[in-house]
Amino acid sequence: MMPYIQLQQKSDKGVSIYICGGIKQVLSGTPDKHWKSETFDAKHYKMGLGAASPESFESMGEGIIVNGQCYATVTNQSKSDSMKTMGDSTYYSALMSAIPNEAAANYVCSNVEIKAEMYQLISSLYNQAKHSVAWRGLVKCSHINSMILKKSPIYGVPIFDDKDEYLENKVFDTPTWVFMVGVYTSDELTN
């Protein structure tokens with residue numbers, strides 16, 4: 001059974017998402033080279049997610065934008081801060097979906113306790129909103145099974161063809177607070 005989340009509707013006006021790069025190119029390890037020298041300013045966005053680095057194109061890992069700052073895992077293994085999270089308002093990226101500061105939330109929920117798998121939770125939000133959903137918030141998870149990018153996806157090798165080189169599994173078995181940013185859509189909306 002899908003969980004129900006009580007949402008308070010704030011607006012029915014849609015929100016435009018800024019997008020740079022493409023997921024297919026990043027997963028194939030061949031992002032558009034013009035992004036290599038391009039820097040972005042996170043101050044223009046209230047939230048975002050993608051492959052980013054405040055340090056360099058060669059250090060891109062998972063990145064999020066929260067209130068005008070980009071936070072990302074440094075993946076350049078030759079750096080002393082490799083696999084640490086760093087933040088700055090300026091960042092490099094080959095893939096980022098971001099919501100501009102002027103966008104208003106359509107729905108709000110807070111202080112809600114739900115016992116469900118994350119996919120079920122996000123599917124419930126999507127089914128209630130009836131359109132693509134972007135979210136952010138502080139969530140306490142009882143168990144997290146995640147996969148992180150440990151090498152920048154720029155070397156022409158598809159990430160899933162060399163999982164040991166590009167990906168690392170991380171498991172958190174104790175209740176953990178995490179700040180989440182995400183986007184959920186349906187193939188039906190993109191065709």
Side-chain angles (χ1 to χ4, degrees), residues 1-28 31 40 42 44-52 60-73 85 91 93-149 153 158-160 167 169-173 175-191:
M1 183 169 154
M2 194 169 299
Y4 178 77
I5 303 153
Q6 182 66 42
L7 297 174
Q8 180 183 4
Q9 188 166 1
K10 295 290 195 176
S11 169
D12 59 2
K13 182 180 172 188
V15 173
S16 294
I17 298 177
Y18 166 83
I19 298 174
C20 94
I23 187 69
K24 289 180 182 177
Q25 290 79 17
V26 169
L27 291 176
S28 70
F40 300 91
H44 300 291
Y45 308 104
K46 62 173 61 176
M47 66 180 271
L49 76 146
M60 283 190 304
E62 282 94 2
I64 64 170
I65 295 173
V66 180
N67 296 331
Q69 286 284 107
C70 179
Y71 300 94
T73 306
T85 301
Y91 65 95
S93 184
L95 173 66
M96 183 63 72
S97 299
I99 295 182
N101 287 328
E102 60 273 9
N106 296 87
Y107 299 93
V108 175
C109 70
S110 60
N111 299 323
V112 178
E113 184 175 328
I114 298 170
K115 295 185 189 252
E117 296 289 323
M118 182 56 72
Y119 179 78
Q120 292 174 329
L121 179 67
I122 303 308
S123 294
S124 175
L125 292 175
Y126 172 80
N127 287 332
Q128 286 181 69
K130 305 288 189 241
H131 51 76
S132 298
V133 176
W135 74 91
R136 70 176 178 176
L138 189 59
V139 179
K140 187 172 188 180
C141 298
S142 60
H143 178 87
I144 302 170
N145 186 5
S146 65
M147 190 181 316
I148 63 169
L149 190 61
I159 290 172
F160 293 109
L167 302 171
N169 290 320
K170 289 273 190 178
V171 176
F172 301 90
D173 287 331
T176 305
W177 283 98
V178 294
F179 189 84
M180 291 191 158
V181 175
V183 176
Y184 182 94
T185 193
S186 164
D187 288 340
E188 299 162 3
L189 298 176
T190 58
N191 291 331

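Just so it is clear, the values below take in all heavy atoms, side chains as well, and ignore hydrogens, waters and symmetry mates. Keep in mind that what you see is a predicted model, and the values were worked out from it rather than measured.
Using a 4.5 Å heavy-atom cutoff, the side chains of Y91 and I65 are in contact. Side-chain atoms of Y45 and M96, non-hydrogen and from C-beta on, never get closer than 4.5 Å to each other.
Residues satisfying the side-chain contact (heavy atoms from CB on, under 4.5 Å) test with L49, not counting sequence neighbours, are I64, V181, V183. Residues satisfying the side-chain contact (heavy atoms from CB on, under 4.5 Å) criterion with N101, sequence neighbours excluded, are K46. Shown here are the side-chain contact (heavy atoms from CB on, under 4.5 Å) partners of M118, two or more places apart in sequence or in another chain: L121, I122, M180. For A129, the side-chain contact (heavy atoms from CB on, under 4.5 Å) partners at least two apart in sequence or on another chain are Y107, H131, V133. Qualifying salt bridge (charged side-chain N to carboxylate O under 4.0 Å, His left out) partners for K24, counting only residues two or more places apart in sequence or in other chains: none. Residues that satisfy the side chain to side chain donor-acceptor pair (under 3.5 Å) test with H44, not counting sequence neighbours, are absent from this structure. Shown here are the side chain to side chain donor-acceptor pair (under 3.5 Å) partners of T176, two or more places apart in sequence or in another chain: there are none. Applying the side chain to side chain donor-acceptor pair (under 3.5 Å) test to Q128 and every residue at least two apart in sequence or in another chain returns S124.
Closest approach of G61 and L149 over heavy atoms only: CA-CD2, 4.1 Å. The heavy-atom pair separating A72 from A52 by the smallest distance is CB-O, 3.2 Å. Of all non-hydrogen atoms in A94 and V26, the two that sit nearest each other are O-CG2, 3.8 Å. The minimum heavy-atom distance linking I99 with A134 is given by the pair CD1-CB, 3.5 Å.
Pairs of residues two or more places apart, or lying in two chains, that qualify as side chain to side chain donor-acceptor pair (under 3.5 Å) and include a residue from residues 60-73 are N67-R136.
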Q: Test side-chain contact (heavy atoms from CB on, under 4.5 Å) on N106 and Q9 and set out the steps.
A: CA-CA 6 Å; N106 296 87; Q9 188 166 1; 5.7 Å; no
Let me have the donor-acceptor pairs involving side chains of residues 11-22, under 3.5 Å, with sequence neighbours excluded, atom names and distances please.
residue, atom, partner, partner atom, Å
S11, OG, K13, N, 3.0

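Between the CD1 atom of I23 and the CG atom of L95 there is a distance of 5.0 Å, given to the nearest 0.5 Å. Distance check, rounded to the nearest 0.5 Å: CH2 of W135 to OH of Y126 gives 13.0 Å.
Here the side chain of S93 pairs a donor or acceptor atom with the backbone of A51 at under 3.5 angstrom.
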